Q: 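Handing you this structure, nothing more for now.
Just so we're clear, the structure is a prediction, and the values are computed from it rather than from any experiment. Heavy-atom basis, side chains included; hydrogens, waters and symmetry copies ignored.
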Amino acid sequence: MDELFRTLPADAASTDALAAGGLRYGLVGADHDERDAFSQAVSRGFYSSIAEAEELYEAREAYDDRRTTAVWDDSAAEPETPVATVDSWPTPLTMPGGGSLPAWAISGVTVAPTHRRRGIARALLEGELRTARALRLPIAALTVSEATIYGRFGFAPAASAVDLVIDTRRAAWTEPQAKGRVHFVQRDALRTIAPGIQQRARVAGDVDRWPGYWDRLLGLRASLAKKAADLRAVRYDDEHGEPQGFVVYRVKDAGADFSRHPVEVVDLVAATTDAYAGLWRYLLELDLVHEITVDLRSVDEPLRWMVADPRAVRTRAHSDHLWTRILDVAVALEGRRWQTAGEIVLEVTDPLGFAAGRFSLAVDEAGRATVMTTDAPAEVTLDAGALAAVHLGGTSPLTLAAAGRASGGQEALERLHALAVTPVPPRLSFWF
């Protein structure tokens, strides 16, 4: 898989579809100029600054671990610069119950505004799905900048997130009392232990963070040295001296009133509830701080229950963060633990054909599933996106039925709800 996912030929159907419109679709090679042109196209697509030489050098190394695919227009004024991009790689996606399934992570999807409405996005996305299926990966996953695009390809929101603003003047700490202690640490020292802590902290919906991500988060890349100079890192050790969590944050300019510094939490990861409490209490009791902002937290964040005034913890935004797409129904459904024992027959519709069929889902007392195709009458019918939304346990089939995305008798929908919905909401802890 390590080599195959990078070297598998570009999808033939997408190649032909784009060639009919005078466009060239293919894998990006190892040539530095070709890699740099791809990076610049991605930067342009996301309205980022034009990458400097140092950033381009770092991007070349990062793309070594990914499959990079582009679309070129040889009749354009600058034919060497792609008019569309996508990069992808296989990664473990954490499932309900603590295991994981291999997923096809998709990122860097851009189409130049000069080339809209030419079928490029469709060719890119369908090409990625066919590539993932050829690699025998049961799920595709991505985070999205535009929520109106990906439902057409069978994706659906599977793990939501909230951005929070905390008024520290009202958020007096109540409980619990953490047993360990916090330490200031250098960011490069944190780099050696952070991945292990994050692995232990993962819940359903999270994926592996790659080495370059950690270097960027902690400001350890040369191109980020100046921008990251204000980052502070704190580690939490439990009562036995074992590192169990960390927070990376910056204290921003207070303006005219030095007692009113805003704090931006860049990342907070806790492998235990004790570490979670210890890190949050540390932040809330910082002197000369009036507000803390933090993004991509759980929709059921415990912090609200740990402070004297829960209204001090305000939701600034609620987003459909992780979108998934099921490509192999049996593998996907058997790959998670379910909440109760029971059986149900599902009819899945899928215009693209990857997930279509009728399946019996039988769950034993341990929450393990057996999935088989069947001719038995369907009890619940839902589209591929709705199945993806239910799969990680964060969306109720009753909600989807009310929205017209699922159908079935009330008893069957309630039975599927009892089987699927998890007490801890799925969460992806970062963007990719």
Side-chain angles (χ1 to χ4, degrees), residues 157 159-184 197-198 201-206 230-239 244-322 393-396 399 421-431:
S160 296
V162 294
D163 300 344
L164 301 176
V165 180
I166 303 111
D167 183 345
T168 60
R169 297 163 301 180
R170 299 166 58 190
W173 190 261
T174 56
E175 57 184 348
Q177 307 304 313
K179 298 176 181 178
R181 59 175 296 191
V182 293
H183 308 264
F184 274 114
I197 294 173
Q198 194 264 339
R202 282 167 56 163
V203 299
D206 223 346
D230 61 347
L231 285 179
R232 293 165 168 82
V234 167
R235 189 186 77 211
Y236 179 86
D237 294 351
D238 64 20
E239 67 269 34
Q244 298 291 1
F246 65 87
V247 61
V248 180
Y249 67 98
R250 55 170 46 94
V251 181
K252 304 175 85 171
D253 183 26
D257 187 346
F258 197 75
S259 68
R260 293 175 56 83
H261 287 82
V263 165
E264 174 193 358
V265 174
V266 176
D267 201 14
L268 186 151
V269 177
T272 65
T273 55
D274 185 61
Y276 179 92
L279 290 168
W280 269 116
R281 184 170 187 178
Y282 165 81
L283 289 170
L284 294 177
E285 295 181 350
L286 287 170
D287 290 334
L288 307 175
V289 168
H290 82 290
E291 180 181 274
I292 297 172
T293 59
V294 59
D295 295 346
L296 302 183
R297 302 307 302 180
S298 170
V299 296
D300 193 18
E301 193 73 13
L303 179 63
R304 300 181 192 276
W305 300 91
M306 296 175 166
V307 296
D309 183 353
R311 294 184 183 181
V313 183
R314 179 170 57 87
T315 298
R316 179 176 59 182
H318 186 293
S319 63
D320 45 85
H321 184 43
L322 173 71
T395 305
S396 170
T399 301
V421 177
T422 57
V424 176
R427 172 179 172 247
L428 174 65
S429 61
F430 69 112
W431 289 95

Q: Any idea which heavy atoms bring Gly393 and Pro426 closest together, and the distance?
A: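 The pair with the smallest heavy-atom distance is C-CD, 4.1 Å.
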Q: Of the non-hydrogen atoms in Asp238 and Gln244, which two are nearest, and what is the gap between them?
A: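 Closest approach of Asp238 to Gln244: OD2-NE2, 3.1 Å.
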Q: Are Ile292 and Tyr249 close enough that some pair of their side-chain heavy atoms sits under 4.5 Å apart?
A: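 They are not in side-chain contact.
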Q: Tell me, please, which residues at least two apart from Glu301 pass side-chain hydrogen bond (donor to acceptor under 3.5 Å, both in side chains).
A: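 Glu301 satisfies side-chain hydrogen bond (donor to acceptor under 3.5 Å, both in side chains) with Tyr276, Arg297 only.
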Q: Please name the pair of heavy atoms, one in Glu291 and one in Thr168, separated by the smallest distance, quoted to 0.1 Å.
A: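 Between these two residues, the closest heavy atoms are N-OG1, 4.0 Å.
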Q: Quick one: closest heavy-atom pair of Asp274 and Lys179, and the distance?
A: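 Between these two residues, the closest heavy atoms are OD1-N, 2.9 Å.
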Q: Looking at every non-hydrogen atom in both residues, tell me the closest pair between Ser160 and Asp320 and how far apart they are.
A: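 Looking at all heavy atoms of both residues, the closest pair is OG-CA, 4.3 Å.
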Q: Ignoring hydrogens and geometry, is there a side-chain-to-backbone donor-acceptor pair from Tyr236 to Gly180 under 3.5 Å?
A: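 Yes; at least one donor-acceptor contact below 3.5 Å.
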Q: Going by heavy atoms in the side chains, are Val263 and Thr293 under 4.5 Å from each other?
A: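 A side-chain contact is absent here, since even the closest heavy-atom pair is not under 4.5 Å.
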Q: May I ask you to test the Leu303-Ile166 pair for a side-chain heavy-atom distance under 4.5 Å?
A: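 Yes - at least one pair of side-chain heavy atoms lies under 4.5 Å apart.
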Q: Just wondering, do Arg281 and Gln177 contact through their side chains at under 4.5 Å, heavy atoms?
A: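 Of all side-chain heavy-atom pairs linking Arg281 with Gln177, at least one is under 4.5 Å.
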Q: Using distance alone, with no hydrogens and no angle criterion, decide if Asp300 and Ser298 have a side-chain donor and acceptor under 3.5 Å apart.
A: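 No, no side-chain donor-acceptor contact under 3.5 Å.
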